[in-house]
Amino acid sequence: MKHYLQFTDLSAAEYTYLIDRAGYIKRKFKAYEKHQTLADRTLAMIFEKASTRTRVSFEAGMYQLGGSVVHLTTGDSQLGRAEPIEDSARVISRMVDLVMIRTFEQTKLERFAEFSRVPVINGLTNEYHPCQILADIFTFIEHRGSIQGKVVAWVGDGNNMANTWLQAAKLLGFTVHVSAPSGYEINSDIPGVELGDHVKFFKDPHEACSGADLVTTDVWTSMGYEAENEARRAAFANWCVDCEMMALAKPDALFMHCLPAHRGEEVTGEVIDGPQSVVWDEAENRMHVQKALMEYLLLDRQ
């Protein structure tokens with residue numbers, strides 16, 4: 001049994017398979033062909049953080065695979081409240097085939113997985129967002145071919161997205177240029193976040209974008225940090241991805257954002273709504289890669 005708690009839980013060879021399989025599943029979806037390999041299987045989705053894309057992509061994806069979904073939030077479950085996480089894991093995993101959790105601390109996810117009898121998927125934690133990076137890499141490959149040897153510019157907060165980009169770069173053989181304001185850099189003390197030749201740091205976001213094949217960013221204030229909103233607005237003022245930054249990247253560079261986006265803050269409207277932006281493909285591809293992932297965790301290679 002495999003869990004998917006962070007990007008490094010799978011190998012480069014497994015990602016090659018998942019990318020190919022997601023492409024196959026997407027082509028069938030676009031052709032209105034049924035692909036119901038998970039008939040009679042049930043996915044439990046547990047949300048401690050609000051969600052739009054994660055809920056829709058997992059729920060729609062599981063139904064399209066022929067399965068069913070149970071949706072739980074902190075308001076209608078005992079997770080981590082009256083019942084220990086370990087007990088919730090023991091009970092829920094006896095009733096379903098797969099669990100997706102979107103929560104705060106990575107340790108909470110890991111505790112659940114330790115006592116689960118079925119695969120557990122990270123739908124987002126404070127530390128990592130592996131399903132989103134899987135979708136982003138699939139989207140890049142779909143538009144530009146192999147990501148190996150390419151340069152990804154990360155402009156903004158050293159958050160869960162940035163952490164996961166670093167994991168992916170080391171595993172899949174590309175480089176990440178990171179530019180974050182002072183005090184908001186990547187925390188390399190987080191387990192699984194390693195520095196090395198796959199990452200370069202820049203104080204100036206323009207330098208980070210220079211020669212990049214992909215420029216990507218995220219909101220300045222992630223969920224759980226709303227109290228810092230005003231301080232972050234001031235600190236991140238020069239980290240708005242604009243046309244000037246995109247002009248420094250390669251002529252065929254793509255722009256990505258995991259959404260939701262705040263135009264005029266982390267990205268200008270001209271960039272996110274411009275010809276280099278692939279954010280809508282990126283959002284849709286969450287569903288396709290997650291379908292491939294769920295299928296793989298339950299059925300192995302097909």
- Please go through V151's hydrophobic cluster and name the other residues, only I, L, V, M, F, W, Y counting, with side-chain heavy atoms under 4.5 Å joining them. none
- Side-chain ion pair, E33 and R27, N-O less than 4.0 Å: no
- Between E284 and K30, is the closest basic N to carboxylate O distance under 4.0 Å? yes
From [X] [atom1] over to [Y] [atom2], what is the distance, rounded to the nearest 0.5 angstrom?
X    : Y    : atom1 : atom2 : answer
N163 : E127 : CG    : CD    : 8.0 Å
L5   : T107 : CG    : OG1   : 11.5 Å
H206 : L248 : NE2   : CG    : 6.5 Å
Y4   : L297 : OH    : CG    : 9.0 Å
M100 : M294 : CE    : CE    : 9.0 Å
E194 : S188 : CD    : OG    : 10.0 Å

Determine whether more than 12 heavy atoms belonging to other residues, nucleotides or ligands lie under 6.0 Å from atom [atom1] of [X].
X    : atom1 : answer
D40  : CG    : no
R301 : CZ    : yes
D197 : CG    : no

Is there a donor-acceptor pair under 3.5 Å between the side chain of [X] and the backbone N or O of [Y]?
X    : Y    : result
S57  : T54  : yes
K200 : V178 : no
Q167 : G192 : yes
S116 : F112 : no

Flag side-chain contact, heavy atom, 4.5 Å: [X] against [Y]:
X    : Y    : answer
E282 : N285 : no
K2   : L10  : yes
N122 : Q106 : yes
L166 : L195 : yes
V215 : M246 : yes
L98  : R41  : no
Q302 : Y17  : yes
R53  : M287 : no

Least distance between heavy atoms, [X] atom then [Y] atom:
X    : Y    : result
D97  : P119 : O-CD, 3.5 Å
T42  : V96  : O-CB, 3.6 Å
C131 : V289 : O-CG2, 4.2 Å
N160 : T164 : O-OG1, 2.8 Å
A180 : G158 : CB-N, 4.3 Å
W154 : A162 : NE1-CB, 3.5 Å

- Message: For a side chain to side chain contact (heavy atoms under 4.5 Å, CB included) check, start with the C-alpha distance between R55 and R102, then their side-chain angles and the critical distance, and finish with the verdict.
- Response: CA-CA 9 Å; R55 178 175 179 179; R102 184 178 173 95; over 6 Å; no
Going only through I, L, V, M, F, W and Y residues with side-chain contacts under 4.5 Å, is there a path from [X] to [Y]?
X    : Y    : answer
L109 : F115 : no
F201 : V152 : yes
L124 : I186 : no

Any side-chain donor-acceptor pair under 3.5 Å between [X] and [Y]?
X    : Y    : value
D136 : Q132 : yes
R263 : T268 : no
E14  : Y296 : yes
T139 : D281 : no
E295 : T37  : yes
E105 : N126 : no

- Item | Y24 and H35 aromatic ring geometry - parallel, tilted or perpendicular at 30°/60° bounds | perpendicular
- Test of ring centre spacing under 6.0 Å for H288 and F138: no
- Query: When the aromatic ring centroids of H198 and F174 are compared, is their separation below 6.0 Å?
  - Reply: no
- Assess whether side chain to side chain contact (heavy atoms under 4.5 Å, CB included) is satisfied between I46 and T103, documenting all intermediate values. CA-CA 8 Å; I46 302 172; T103 187; over 6 Å; no
- Message: Between E266 and T217, does the side chain to side chain donor-acceptor pair (under 3.5 Å) criterion hold? Intermediate values first, please.
- Response: CA-CA 7 Å; E266 72 273 5; T217 189; over 6 Å; no
- Query: Checking side chain to side chain contact (heavy atoms under 4.5 Å, CB included) for the pair R144/L254: CA distance, chi angles, key distance, verdict?
  - Reply: CA-CA 9 Å; R144 295 288 184 266; L254 300 175; 3.4 Å; yes
- Message: salt bridge (Lys or Arg N to Asp or Glu O under 4.0 Å), that's the test. Do R111 and E86 meet it? Break it down for me.
- Response: CA-CA 6 Å; R111 285 166 59 198; E86 294 81 358; 3.0 Å; yes
What donor-acceptor contacts under 3.5 angstrom involve side-chain atoms of residues 230-242, with partners at least two apart or in another chain?
{"unit_1": "R232", "atom_1": "NE", "unit_2": "E228", "atom_2": "OE1", "d": "2.8"}
{"unit_1": "R232", "atom_1": "NH1", "unit_2": "D157", "atom_2": "OD2", "d": "3.1"}
{"unit_1": "R232", "atom_1": "NH1", "unit_2": "W220", "atom_2": "O", "d": "2.8"}
{"unit_1": "R232", "atom_1": "NH2", "unit_2": "E228", "atom_2": "OE1", "d": "3.1"}
{"unit_1": "R233", "atom_1": "NH1", "unit_2": "E265", "atom_2": "OE2", "d": "3.0"}
{"unit_1": "R233", "atom_1": "NH2", "unit_2": "E265", "atom_2": "OE2", "d": "2.9"}
{"unit_1": "W239", "atom_1": "NE1", "unit_2": "S179", "atom_2": "O", "d": "3.3"}
{"unit_1": "W239", "atom_1": "NE1", "unit_2": "S179", "atom_2": "OG", "d": "2.9"}
{"unit_1": "D242", "atom_1": "OD1", "unit_2": "E244", "atom_2": "N", "d": "3.3"}
{"unit_1": "D242", "atom_1": "OD1", "unit_2": "M245", "atom_2": "N", "d": "3.0"}

- Item | Residue pairs fulfilling ring-ring contact (aromatic ring centres under 6.0 Å, His included) with at least one residue in residues 254-283, sequence neighbours excluded | none
- Task: With sequence neighbours excluded, give me every salt bridge (Lys or Arg N to Asp or Glu O under 4.0 Å) pair touching residues 201-224.
- Result: D213-K250
- Results of salt bridge (Lys or Arg N to Asp or Glu O under 4.0 Å) for E185 - residues two or more places apart only: none
- Message: I'd like to check the ring pair (Phe, Tyr, Trp, His ring centres under 6.0 Å) partners of H3; sequence neighbours left out, ordered by chain and number.
- Response: none
- Task: Start with the C-alpha distance between K150 and L214, add both sets of side-chain angles, then the distance that settles side chain to side chain contact (heavy atoms under 4.5 Å, CB included), and finish with yes or no.
- Result: CA-CA 8 Å; K150 298 298 194 297; L214 167 63; over 6 Å; no
